Amino acid sequence: MDDRYRFAEIEEKWRQRWESGDPYSIPDFSDNPKFYCLEMFPYPSGKLHMGHVRNYAIGDVVARFKRMRGYDVLHPMGWDAFGLPAENAAIKHGIPPAKWTWDNISEMRRQLKQMAVSYDWQREIATCHPGYYRWTQWFFLEFYKRDLAYKKKAPVNWCPACATVLANEQVVHGRCERCGTDVERRELSQWFLKITDYAERLLRDLQKLQGWPDKVRIMQENWIGRSEGAEIAFDVVGFDEKITVFTTRPDTLFGVTYMVLAPEHPLVDKLTAPERRAEVEEFVRRARNLSELDRTSGEAEKQGIPIGASCVNPLTGEAVPIWTANYVLLEYGTGCVMGVPAHDQRDFEFARKYDLPIRVVIQPEGAAINVRDMTAAYDGNGVLVNSGPFNGLPNKQAIPEITRHLEKMGLGKRTINYRLRDWLISRQRYWGCPIPIVYCKGCGTVPVPEEQLPVILPSDVAFKPSGQSPLVDAEDFVNTSCPACGGPARRETDTMDTFIDSSWYYFRYVSPRDEERPFNIDAVGRWCPVDQYIGGVEHAILHLLYSRFFTKVLFDMNLVNFEEPFANLLTQGMVLKDGAKMSKSKGNVVSPEDIIAQYGADTVRLFILFAAPPERDLEWSDQGVEGCYRFLQRVWRLVNSLGDEIRTAPAQPAGYLVGVNRGLRRLTHYTIKKVTEDIDERFNFNTAISAIMEMVNGLYQYRDRVPAVDRDPAVLREAVEHLLLLLAPFAPFIVEELWERCGCQGSVHRQPWPQYDPEMLVEDSVTMVVQINGKVRDRVLVPADISLSELEALILSQPRIQALLEGKRILKIIPVPGKLINIVVK
RNA sequence: GCCGAAGUGGCGGAACUGGCAGACGCACCGGACUCAAAAUCCGGCGGGCCCUAAACCCGUGUGGGUUCGACUCCCACCUUCGGCACCA
């Protein structure tokens, strides 16, 4: 019989059988326990890359494992299908974005099926389909109704290469997250979602997310950036105006020696003295034109200029000069800062540069700070000085005291500020979800009525990157009638940030074809929240924060009864080659397609799960792939060679076993335990696979070294069948084929996950390690049930140990049952 | 600068609750099979000492500490990677 492992034939055979049966389609409701296993859906960029393969291989093991454990597993797949690459392809090659996108989807779907990822394909969705984006628009209108969507004119981040604005979250180190171009600032009227209203809840509920990596929680915490402090009002001299500052250090209020406004602050223009006007305007103009990169980089020099006005410290009554400076940001706090050079490093540098006074108001315990000798601000704790009635108070205590005092006088209040800014969602691009808003001369901004949704994205559009949405020129689209008065009106031509599309897709899977509402509430109640979410850590802030925000809004709308969408999160590491992330520009890309053609999908899956634990980065190794391929061949040969022997064997080993047969049963049950725990508790697929390899090695020994007369076919049968069951989630094709060849009934993927018998793990005797003063000196085989005193006597009677103890005094003997015994001597 | 993670053979990694460091795999070395090669099978594989072996010594980034016992816990430091970064 030809017994070569012909992976291509085997995989094609089972692919076809599975394709015809729709084996992973899951009913909406049943009495089984549920498990929602979700991997982050991909952008349909063309072909799967190794990062996708890793993501979906991990998810598939979890899904298959849970299914075998008796869960109804919801395991869906879809496409994050709106986005810039499609539009860029249209500009470059003249292919319509829709065609480009749908072609890519077909190709990537084919590849996922080739990999045998066990999705319920009935539930496939694509965010660019009107049946989907209609509900994205519906959500926008709901947000609008609740004042959570608003339009405002503001300085925004503009990427000149992508010719669109970007959300704050999409600007990385002052550069565009997508293309790396330096981001510019522009003053534009744009749509925002009020995520800041949810800042506190988004922060607070991070504590609930015990199933998330700490790293991601901390990143979100930093991004939200909560800080407690006070707002304090300073009267402007000679104007009926107040300047309100935000500070986390009201205890340093007596140390204020100047005031700074952000260059864009409206009061700058108002308060500037006539003789200073020309100079100040020039300064402001220059500051505004700085790119975000130059503006925010730490090395940028602090620059400022006095505007010729002053304001009064509410506690001292002293007047201090008002400046404007590039290091103060309009968007944070109140857009102005009180200058306390003695106790804030930035203020210190600024004061030194412009020769502003420095006044110490906090002295550290047991040391005296002297302004002349200061080389840096003192931002530690201490006792207040030069602070009138508050002198002598520890500064920690002074913070609430001074705040309370200001509140009483109506000059300030306790407040909290967040670094998080509202989410800018307008994009001046074509291939996205249209914003369902109409502008009417008479009625103003009018939301498109729900029954007119979806606002269909027109297909006859000329693509030219212009800085304006291409939709501006689509006359049939733009010109419409006002839903309120029926008069002529114009549609909003910007489209939505694609992160909105992906902020709710996981709910759509529960009822993907529902035409009445975004999702079936009962079905969401059954399946959500997602039990296990798996994806790259690059989404730690963007997608995961936005999705949490959306879920909280839906909770407030009574559409869901939970506040967090993803109960458990696994962030997988990157796939590297030669120590670097695979990328076309580095030329170190390994194509999944080529590897599958060469070794088969089972080998690729196995390697990518075996080479590293999922959270860590994975170094691609052609030789490692080769090793996994060899292992599958080894399994193939082993099972085929034993097929005849086990087909006729009894299903269950009977009676009490000894020697090699008991040993093999112990190996079988030990491996079940190990693999089960590695998958279920720790996602350590690499060690689970190691354990399976060890089991295969043990089976080879049994086959080749135990004489036929001593072998128990029932034990062998149990071992082989369990080997296949344990390997099934990792290498679904080869296992299904071998399962059939062994004469087993039904699909291996429909079998219950095996249980181990704790009885089988019990050993008659154990090897005890004998240490003297913590160093291993001997090993002794002892009966497992030996008593402590017997053990001690036995160990001390060992000739080797006796020799080593010669002339020494035993201080202590520390036994670790079943493992080790340590003799402490002097 | 702040926050976080990680440093273990030639390589990827294992050691789960403080108890035999290096499982499993790769690479490499030797042997069997073969006319030969590939494949496969068997054996070896941290370093030192040694003709060989036994024995012994060293060894988980560095230096200290706790403990009968430390890759694991504590303190200080070094390196690499990731996040945030003029956030008042």
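What you see is a predicted model; the values in this text were computed from it and never measured. The analysis underlying the following values was restricted to heavy atoms, covering all of them including side chains, and did not include hydrogens, waters or symmetry mates.
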Reckon [X] has a side-chain N or O less than 4.0 Å from the OP1 or OP2 of [N]?
| X | N | value |
| --- | --- | --- |
| A/Ser227 | B/A88 | yes |
| A/Arg630 | B/C26 | yes |
| A/Arg682 | B/A15 | yes |
| A/Arg419 | B/A88 | no |
| A/Arg634 | B/C41 | yes |

According to the Watson-Crick and G-U wobble definitions, with both distances under 3.5 Å, which nucleotide is paired to [N]?
| N | answer |
| --- | --- |
| B/G10 | B/C26 |
| B/C16 | none |
| B/A38 | none |
| B/U67 | none |
| B/C45 | none |
| B/G82 | B/C3 |

Taking any heavy-atom pair under 4.0 Å as a contact, classify [X]: base, sugar-phosphate, or nothing.
| X | value |
| --- | --- |
| A/Leu820 | base |
| A/Glu619 | nothing |
| A/Lys674 | base |
| A/Val769 | base |
| A/Gln771 | base |
| A/Arg217 | nothing |
| A/Asp214 | nothing |
| A/Ser621 | nothing |

Residue [X], side-chain heavy atoms: nucleotide from [options] that is nearest:
| X | options | answer |
| --- | --- | --- |
| A/Asn326 | B/C86, B/C57, B/C24 | B/C86 |
| A/Arg616 | B/A88, B/G13, B/C56 | B/G13 |
| A/Phe610 | B/C20, B/G25, B/A14 | B/G25 |
| A/Arg637 | B/C16, B/A88, B/C41 | B/C41 |
| A/Pro613 | B/G19, B/A14, B/A88 | B/A14 |
| A/Lys215 | B/C20, B/G82, B/A85 | B/G82 |
| A/Asn686 | B/C57, B/A14, B/C20 | B/A14 |
| A/Ser690 | B/C56, B/C24, B/C86 | B/C24 |
| A/Trp223 | B/A88, B/C84, B/A14 | B/C84 |
| A/Ile541 | B/U40, B/C57, B/C84 | B/C84 |

[atom1] gap between [N] and [M], integer Å:
| N | M | atom1 | answer |
| --- | --- | --- | --- |
| B/G22 | B/C45 | C1' | 12 Å |
| B/G4 | B/A76 | P | 13 Å |
| B/A14 | B/U66 | C1' | 27 Å |
| B/U72 | B/U17 | P | 14 Å |
| B/A27 | B/G44 | C1' | 14 Å |
| B/U67 | B/C2 | P | 33 Å |
| B/U60 | B/C71 | C1' | 5 Å |
| B/G59 | B/G47 | C1' | 7 Å |

Checklist entry - Which comes earlier along RNA chain B counting from the 5' end, the contact point of A/Asn773 or that of A/Glu677, where each point is its nearest nucleotide? => result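 So the residue in question is A/Glu677.
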Item to check | 5'-most by nearest nucleotide on RNA chain B - A/Ala611 or A/Thr334 | outcome: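 Closest to the 5' end, via its nearest nucleotide, is A/Ala611.
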How long is the line joining [atom1] of [X] and [atom2] of [N], in whole Å?
| X | N | atom1 | atom2 | result |
| --- | --- | --- | --- | --- |
| A/Glu264 | B/C86 | CD | C1' | 14 Å |
| A/Glu615 | B/G82 | CD | C1' | 14 Å |
| A/Lys577 | B/C11 | NZ | P | 18 Å |
| A/Leu544 | B/G83 | CG | P | 15 Å |
| A/Lys775 | B/A21 | NZ | C1' | 14 Å |
| A/Leu618 | B/C26 | CG | C1' | 13 Å |
| A/Asp778 | B/G19 | CG | P | 21 Å |
| A/Lys302 | B/A85 | NZ | C1' | 11 Å |

Is a side-chain donor or acceptor of [X] paired with a backbone partner of [Y] at a separation under 3.5 angstrom?
| X | Y | result |
| --- | --- | --- |
| A/Lys826 | A/Leu811 | no |
| A/Asn313 | A/Leu253 | yes |
| A/Gln572 | A/Ile58 | no |

Checklist entry - Could A/Glu228 and A/Arg414 be called an ion pair, given the rule that one side-chain N must be under 4.0 Å from one carboxylate O? => result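 Salt bridge between A/Glu228 and A/Arg414, a charged N being under 4.0 Å from a carboxylate O: yes.
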Checklist entry - Ion pair present between A/Arg666 and A/Glu763, side-chain N to carboxylate O less than 4.0 angstrom? => result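 Looking at A/Arg666 and A/Glu763, the cut-off is met.
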Next on the checklist: Using a strict heavy-atom distance below 4.0 Å, which residues from residues 697-705 of chain A are in contact with RNA chain B?
Outcome noted: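 Close to the strand are A/Asn697, A/Arg705.
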Item to check | Pair of N/O donor and acceptor under 3.5 Å linking B/C68 base with A/Lys812 side chain | outcome: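 By the distance-only test, no, there is no pair.
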Next on the checklist: Between the base of B/C84 and the side chain of A/Asn222, is one N or O donor paired with an acceptor at under 3.5 angstrom?
Outcome noted: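 Per atom types, no contact qualifies.
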Return yes if a side-chain donor-acceptor contact under 3.5 Å exists between [X] and [Y], otherwise no.
| X | Y | answer |
| --- | --- | --- |
| A/Ser641 | A/Tyr700 | no |
| A/Gln220 | A/Arg548 | yes |
| A/Gln598 | A/Tyr629 | no |
| A/Trp212 | A/Asp214 | no |
| A/Glu169 | A/Tyr546 | yes |
| A/Thr687 | A/Asp678 | yes |

Item to check | Heavy-atom check, side chain of A/Ile821 versus side chain of A/Ile813, under 4.5 Å | outcome: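 Yes, side chains in contact.
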Checklist entry - B/G9: syn or anti, with syn meaning chi within 90° of zero? => result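 Syn.
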